[in-house]
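Comments concern the structure below.
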Number of protein chains: 2
Amino acid sequence: MTARYARIAAELRDAITRGGYAVGAQLPSEAELAARFAVSRGTVRQAVAVLAAEGLVGSRQGARRIVLGRERSQSFAELHSFAQWARAAGHRAGGRVLAQRRRGASAVEAARLALRPGEPVLSVLRLRSLEGEPVLLERTVYAGWIAPAVERLDADCESVTRALHDGAGLVLAYGEHFIDAVAAGTEDARLLAVRRGSPLLRQRRVTTTPEGRPVEWSDDRYRAGSVTFSIRNSVDANPLVRQVGDLRPAR
Amino acid sequence: MTARYARIAAELRDAITRGGYAVGAQLPSEAELAARFAVSRGTVRQAVAVLAAEGLVGSRQGARRIVLGRERSQSFAELHSFAQWARAAGHRAGGRVLAQRRRGASAVEAARLALRPGEPVLSVLRLRSLEGEPVLLERTVYAGWIAPAVERLDADCESVTRALHDGAGLVLAYGEHFIDAVAAGTEDARLLAVRRGSPLLRQRRVTTTPEGRPVEWSDDRYRAGSVTFSIRNSVDANPLVRQVGDLRPAR
DNA sequence: CAGTGGTCTAGACCACCAA
DNA sequence: TGGTGGTCTAGACCACTGG
């Protein structure tokens, strides 16, 4: 059963997306929405808070909320799974494992995965494609405790996230992402079919379970021009952080 | 006067940042916090919602909240103003205007700034440095209505955002950011002191007033290795969006 | 000035987690 | 099964916006 506020948020989001409210237009007042949906003002406020967090609407005390944009953020699953994202966006995704081996965690990997250096991890190199073109090179390190489930997967498994969810009951809940630009190395260049030294968009990320247990630490490199990340922020909701240098020190 | 929930959020954030709660540790229950701060449960929930939006804590129904990380997102001002960000992070920022001229808006610029093509805009090229090293090339287009205030600024004005706030009463409230990687062009390479074709981290952004009126559309290019963006997300709060190609079509 | 969103309360019921 | 967070209500007061 979906919560009342979630259904109200969905209805308003649909109206915005379909153009019922233009960008810059005002939303109805909270009292008006409360009457229309027959709920209390608190529930209406929960609903519009969702839209505000998505960056779709903004608000100022004393004035009605305004529409800031018409496109919604993707679901968490779509952001963490290349295959699920591509499918939802209407693209044809492919992928295959190029190399896979067990080894001991390096110092950085251990810090990211909350392990001790030398503890077993599974290192996987995957090449992923969009519309048949190679666009993404993933170098992923899985914590040892999930490694057996990963090794059972097909080499050309389309969605690793989905397979681990269905097969091993693995649920991912939180992620931290670090985005910067790097020059393609020799291996990057060969596999992504670009020249050595050409620009790549790098996204390093760690993903954890609902309990906060790290599952994977990945270095993903996109061919320039293939993918863009976007974020909408405000005085109230400000998820994006800019940092000097390569990466913050490990915890 | 700061709101109660904001002060409670600040106190909890401090405790997390100082290490009073380790990463992975549990937060006190809502009832416990309500008693400790002598507020209702609703107020406590508002406070922890702030921390959740900052990516510091996560929650699951039935279990206590857990600490996910120790570092807080930057303020909106710090994200939009290179100078304010650098100062807050303890770095020495510099910058100067290399070129500045009025012209008519292109089709893309007009769409981004909610103008008609050909309406007057002010185009500015700025080079910004960190610790004396050039790291960022900004190509900014200001809407015509704010151009006079921008033209009154010094060429080596440290913080444009701050100067426009103090001088013209301009308040920025919302932003949308598009992040990808590009190869340095001839001008980029010369000004940032890198080789042509070397990787740059590009952040294009549009910033608007509290009323939703677009102020500036900017193409910012960082030298590779100088800056990293980071984002923490979850099933509930998911601000990051991945898109195919260069940039979504204009609204 | 009336309308609107921002804050806060006190209580209720439920779904879920862990022991 | 008891404690926890998730949802919802009904009402109150305040700060701010806008005509």
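In what follows, every chain begins at residue 1, and chains take the letters A, B, ... in the order their sequences are listed.
- Panel note: side chain B/Arg242, backbone A/Glu78; a donor-acceptor pair is recorded below 3.5 Å.
- For A/Thr43, a side-chain nitrogen or oxygen approaches OP1 or OP2 of D/dT9 to under 4.0 Å.
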Shorter than 3.5 Å, N or O on both sides, protein versus nucleotides 10-14 of chain C: list them out with atom names.
residue, atom, partner, partner atom, Å
C/dA12, N6, B/Arg41, NH1, 3.1

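- The only option from B/Leu113, B/Thr208, B/Leu170 that meets the side chain to side chain contact (heavy atoms under 4.5 Å, CB included) definition with B/Val215 turns out to be B/Leu170.
- The phosphate of D/dT17 (OP1 or OP2) has no side-chain N or O of A/Arg65 nearer than 4.0 angstrom.
- DNA chain C is contacted by both B/Gly62 and B/Ala38; B/Ala38 maps to the nucleotide lying nearer its 5′ end (nearest heavy atom per residue).
- Put simply, CZ on A/Arg7 is 12 Å from C1' on D/dC8, counting in whole angstrom units.
- Contacts of B/Glu11 classified as side-chain contact (heavy atoms from CB on, under 4.5 Å), with partners at least two apart in sequence or in another chain: B/Phe37.
- Here the nucleotide nearest the side chain of A/Arg64, chosen from D/dG18, C/dT4, D/dG5, is C/dT4.
- Residues passing the side chain to side chain donor-acceptor pair (under 3.5 Å) test with B/His91 are B/Glu131, sequence neighbours excluded.
- Here the side chain of A/Arg45 is nearest to one of D/dT4, C/dG5, C/dC8, namely C/dG5.
- Minimum atom distance to the side chain of B/Glu30 is reached by D/dG6, of the listed C/dT7, C/dG6, D/dG6.
- Distance B/Gln26 CD to C/dC17 P: 14 Å, rounded to the nearest Å.
- A straight line from CG of A/Leu27 to P of C/dT4 spans 13 Å, rounded to a whole angstrom.
- Remark: B/Gln26 engages no residue in a side chain to side chain donor-acceptor pair (under 3.5 Å) (not counting sequence neighbours).
- One can place CD of B/Glu32 at 12 Å from P of D/dG3, the figure rounded to the nearest angstrom.
- A/Thr209 contributes a side-chain N or O that, together with a main-chain N or O of A/Arg213, makes up a donor-acceptor pair within less than 3.5 Å.
- Within residues 49-60 of chain A, the residues having any heavy atom under 4.0 Å from DNA chain C are, by residue number, A/Ser59, A/Arg60.
- Across all strands shown, B/Arg4 has heavy atoms under 4.0 Å from sugar-phosphate atoms exclusively, and none from any base.
- Atoms CG and CG, from A/Leu79 and A/Leu172 in turn, are 11.5 Å apart once rounded to the nearest 0.5 Å.
- For residues 162-171 of chain B, no pair satisfies side-chain hydrogen bond (donor to acceptor under 3.5 Å, both in side chains), with sequence neighbours left out.
- Map B/Pro28 and B/Glu211 each onto its nearest nucleotide of DNA chain D; the residue landing nearer the 5' end is B/Pro28.
- The pair A/Glu216-A/Arg205 counts as a salt bridge, with a side-chain nitrogen and a carboxylate oxygen less than 4.0 angstrom apart.
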